[in-house]
Amino acid sequence: MYRSEFLQTLAARGHIHQLTDAEALDAAAAAPGLVAYVGYDCTAPSLHVGNLATIMLLRRLQQCGGRPIVLLGGGTTKIGDPSGKDSARRLLDDTEIAANKASIRTVFERFLAFGDGPSGALMVDNAEWLDGLAYIPFLRDYGRHLSVNRMLAQDSVRLRLEREQPLSFLEFNYMVLQAYDFVELARRHGCRLQMGGSDQWGNIVQGIDLGRRVGCPDLLGLTTPLITTADGAKMGKTAAGAVWLNPDQLSDWDYWQFWRNTDDRDVGRFLRLFTDLPLDEIARLEALEGAERNVAKVALANAATALCRGPEAAARAEATARATFGEGGAGEGLPEARVVFPVGVIDALTATGLAASRGEARRKLAEGAVRFEGQVVTDAEARLPHPGRLSLGRKRHARLVPA
RNA sequence: GGAGGGGUGGCCGAGCGGUCAAAGGCAGCAGACUGUAAAUCUGCCGACGUCAGUCUACGUUGGUUCGAAUCCAACCCCCUCCA
């Protein structure tokens with residue numbers, strides 16, 4: 001059992017996969033002011049729910065009095081992390097990276113309190129020190145401490161090689177720079193702990209080793225389990241794509257619905273991982289049976305949405321859900337399409353995005369999946385005379401409003 | 001460098017001159033059953049189009065043919081074995 005509040009919390013909520021040195025970390029976390037970081041690459045304009053596991057780690061650290069550092073990989077994104085990939089991904093140019101970075105950083109303000117205090121969160125960009133690295137001095141100062149033998153044994157590299165997939169020298173350097181990041185953060189900000197997903201274990205350990213050799217001993221590492229859903233899929237991938245954290249990539253309504261539609265078997269686990277609800281409250285919600293489980297799912301959706309999008313957004317989404325599902329109405333938060341009445345059903349279906357193409361709209365009509373104001377519509381020629389709720393299936397709804 | 005094998009729809013994977021918008025599986029969507037769950041069964045699943053039909057697709061570019069994912073040539077990429 002751990003002594004520190006931080007590790008106790010993480011353990012109780014299911015955040016821990018591996019620790020490099022449990023006792024040392026427990027001791028470090030028990031003392032005030034532990035500084036820890038997680039790195040995020042800027043490969044997309046938004047992080048997604050898959051990243052939530054580590055974001056929550058930073059949040060919990062801050063709640064326990066530690067200082068979280070968000071490292072945006074403006075520098076490492078130029079290289080591309082080969083971990084878990086069979087092929088190199090497209091290289092992003094500087095403009096894309098800068099735009100992604102600017103967009104990503106906004107979401108952290110919801111989860112962390114930034115500031116200069118002892119537990120104020122900090123955001124840094126590794127381009128700050130990586131861009132200016134001089135090759136030869138870097139090789140002489142750090143390269144000699146890095147063992148190629150060991151790097152080759154690293155999963156991210158080994159698996160690639162075993163599968164006879166090409167691995168460029170550029171990608172090979174990713175772990176070198178990540179290791180260097182850790183050392184740099186230790187020096188600049190007294191950062192002792194790097195956290196990350198379980199796939200980052202190798203990279204984290206590299207950093208710790210490098211630190212030991214260049215005068216930053218006693219660095220620590222912690223990884224979270226890869227979060228999968230009960231049916232075995234990686235969390236956060238839906239048909240529509242990733243579940244983005246940024247509101248301009250995914251509406252509050254859809255974000256809330258993502259959580260509301262959680263598989264029964266995942267509800268307790270997700271409540272612990274992704275909300276701040278107290279554990280005894282979670283235990284109570286988790287014990288609910290049958291249709292009562294929906295109460296737990298609403299609680300999960302509310303809490304998760306409140307964290308990421310704010311309490312108002314969560315309340316709005318819940319009200320929309322109640323109006324839409326409970327009362328058969330058309331809640332305010334539903335997606336809207338502006339149309340000229342009367343509008344053909346097929347046009348309405350494509351305009352609202354309920355159907356991706358006119359052909360699909362036609363098929364769904366034939367399947368009896370389309371309803372307007374709760375009435376099934378099967379005639380592809382039907383014209384909808386006035387504003388109202390258009391539904392495809394029981395879950396997907398949209399509002400038609402006058403243009 | 002030499003000898004073979006291969007590149008097919010979101011993924012896996014059949015097809016090897018017409019009946020191929022292309023078997024099957026997975027994923028996805030919908031219907032039934034439910035609790036906006038799971039499991040199960042059923043249907044759908046390139047685009048446009050009033051079920052006719054048109055267009056775009058089987059690595060790329062040309063060619064043979066009435067007709068090509070299927071044959072030929074060149075090119076690009078990948079794999080296996082040999083050096």
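Throughout, protein chains are lettered first and strands after them, A, B, ... in sequence-line order, and every chain is numbered starting at 1. Keep in mind that the numbers below use all heavy atoms, side chains included, and drop hydrogens, waters and symmetry copies.
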Q: What nucleic acid atoms does A:Arg260 come within less than 4.0 Å of, heavy atoms only: base, sugar-phosphate, or nothing?
A: base
Q: Does any part of the side chain of A:Thr352, heavy atoms only, come nearer than 4.5 Å to the side chain of A:Pro335, both counted from C-beta?
A: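 A:Pro335 vs A:Thr352: side chains apart.
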Q: Between the side chain of A:Arg192 and the main-chain N/O of A:Asp218, is any donor-acceptor distance below 3.5 Å?
A: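 Yes, because the side chain of A:Arg192 sits within donor-acceptor range (under 3.5 Å) of the backbone of A:Asp218.
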Q: Give a yes/no answer on whether the side chain of A:Arg362 brings an N or O atom under 4.0 Å of OP1 or OP2 in B:rC44.
A: no
Q: If each of A:Arg371 and A:Thr350 is mapped to the nucleotide of RNA chain B with the nearest heavy atom, which maps nearer the 5' terminus, i.e. the 5' end?
A: A:Arg371
Q: In whole Å, what is the span from the NE2 atom of A:His397 to the P atom of B:rA30?
A: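 In whole Å, B:rA30 P and A:His397 NE2 are 10 Å from each other.
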Q: Can you measure A:Leu349 atom CG to B:rA30 atom C1' for me and round it to whole angstrom units?
A: 12 Å
Q: Would you say A:Thr77's side chain and A:Cys42's backbone share a donor-acceptor pair under 3.5 angstrom?
A: yes
Q: NA contact type, A:Gly393, heavy-atom cut-off 4.0 Å: base, sugar-phosphate, or nothing?
A: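 Counting heavy atoms under 4.0 Å across all strands, the contact made by A:Gly393 is with sugar-phosphate only.
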Q: I want to check something: taking the side chain as every heavy atom from C-beta on, are A:Leu349 and A:Glu360 in contact at a cut-off of under 4.5 Å?
A: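 Sidechains of A:Glu360 and A:Leu349: no contact.
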Q: How far does the C1' atom of B:rU8 sit from the matching atom of B:rU40, given to the nearest Å?
A: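 It comes out at 33 Å once rounded to the nearest Å.
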Q: In whole Å, what separates the C1' atom of B:rG5 from that of B:rA38?
A: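 Straight-line distance between the two C1' atoms is 44 Å.
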Q: Only Watson-Crick and G-U wobble pairs, only distances under 3.5 Å, only runs of 3 or more: what stems does that leave for RNA chain B?
A: B:1-7 with B:76-82, B:10-12 with B:24-26, B:28-32 with B:40-44, B:46-48 with B:53-55, B:59-63 with B:71-75
Q: Say you pick atom C1' in B:rU64 and the same atom in B:rC71; how far apart are they, in whole Å?
A: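 Taking atom C1' in both B:rU64 and B:rC71, they lie 8 Å apart.
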Q: Hey, does A:Arg383 have a side-chain heavy atom less than 4.5 Å from the side chain of A:Val345?
A: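 The answer is no; the side chains never approach within 4.5 Å.
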Q: Grab the two heavy atoms, one from A:Leu285 and one from A:Ala299, that are nearest each other, plus how far apart they are.
A: CD1-CB, 3.8 Å
Q: Within the side chain of A:Gln8, is there an N or O that forms a donor-acceptor pair under 3.5 Å with the backbone of A:Tyr2?
A: yes
Q: Closest-nucleotide mapping onto RNA chain B: is A:Gly359 or A:Phe325 further toward the 5' terminus? I mean the 5' end.
A: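 Its nearest nucleotide being more 5', the pick is A:Phe325.
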Q: Roughly how far apart, to the nearest Å, are B:rC48 and B:rU56 at atom C1'?
A: 10 Å
Q: Which pairs, protein N/O on one side and nucleotides 37-43 of chain B N/O on the other, fall under 3.5 Å?
A:
unit_1: B:rA37; atom_1: OP1; unit_2: A:Lys395; atom_2: NZ; d: 3.0
unit_1: B:rA37; atom_1: O4'; unit_2: A:Lys297; atom_2: NZ; d: 3.2
unit_1: B:rA37; atom_1: O2'; unit_2: A:Asp264; atom_2: N; d: 3.3
unit_1: B:rA37; atom_1: N3; unit_2: A:Asp264; atom_2: OD2; d: 3.1
unit_1: B:rG43; atom_1: N2; unit_2: A:Glu367; atom_2: OE2; d: 3.4

Q: Using a cut-off of strictly less than 4.0 Å between a heavy atom of the residue and any atom of RNA chain B, enumerate the qualifying residues of residues 307-323 of chain A by number.
A: A:Ala321
Q: Check A:Arg188 with A:Glu184, please: is the shortest side-chain N to carboxylate O separation under 4.0 Å?
A: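 The answer is yes: the pair qualifies as a salt bridge.
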Q: For A:Asp276 and A:Met56, run side-chain contact (heavy atoms from CB on, under 4.5 Å): C-alpha distance rounded to whole Å, both residues' side-chain angles, the deciding distance at 0.1 Å, then the answer.
A: CA-CA 9 Å; A:Asp276 286 341; A:Met56 291 304 288; 3.9 Å; yes
Q: When rounded to the nearest Å, what value does the distance between C1' atoms of B:rC12 and B:rG63 take?
A: 33 Å
Q: Nearest whole angstrom, please: distance from the C1' of B:rU54 to the CZ of A:Arg358.
A: 16 Å
Q: With the threshold set at 4.0 Å, does a side-chain nitrogen-carboxylate oxygen contact exist between A:Arg284 and A:Glu281?
A: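 Answer for the salt bridge query: yes.
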Q: Using the P atom as the point on both nucleotides, what is the distance between B:rC20 and B:rA52, in whole Å?
A: 15 Å
Q: C1' atom, B:rU80 versus B:rC75: distance in rounded Å?
A: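 Pairwise C1' distance, B:rU80 against B:rC75, rounds to 22 Å.
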Q: Can you check side-chain contact (heavy atoms from CB on, under 4.5 Å) on A:Arg269 and A:Ile227, steps first, answer last?
A: CA-CA 10 Å; A:Arg269 195 161 50 102; A:Ile227 311 296; 4.0 Å; yes
Q: Distance check, C1' atoms only: B:rU50 and B:rU42, in whole angstrom units.
A: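 The same atom, C1', in both gives a distance of 28 Å.
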Q: Is the backbone of A:Gly393 close enough, under 3.5 Å, to the side chain of A:Arg371 for a donor and an acceptor to pair up by distance?
A: yes
Q: Is it the case that the ring center of A:His145 lies less than 6.0 angstrom away from the ring center of A:Tyr180?
A: no
Q: Considering only side-chain heavy atoms of A:Ser357, which listed nucleotide, B:rC48, B:rG31, B:rG35, is closest?
A: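 Of the options given, the side chain of A:Ser357 lies nearest B:rC48.
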Q: Expressed in angstrom and rounded to an integer, what is the separation of A:Leu392 atom CG from B:rG28 atom P?
A: 16 Å
Q: For A:Glu292 and B:rU36, what is the distance between atoms CD and P respectively, to the nearest whole Å?
A: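 These atoms are roughly 13 Å apart.
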Q: Which part of the nucleic acid, if any, lies within contact of A:Trp256, taking any heavy atom under 4.0 Å across all strands shown: a base, the sugar-phosphate backbone alone, or nothing?
A: base
Q: If I take atom CZ in residue A:Arg363 and atom P in nucleotide B:rG49, what distance separates them, rounded to the nearest angstrom?
A: 12 Å
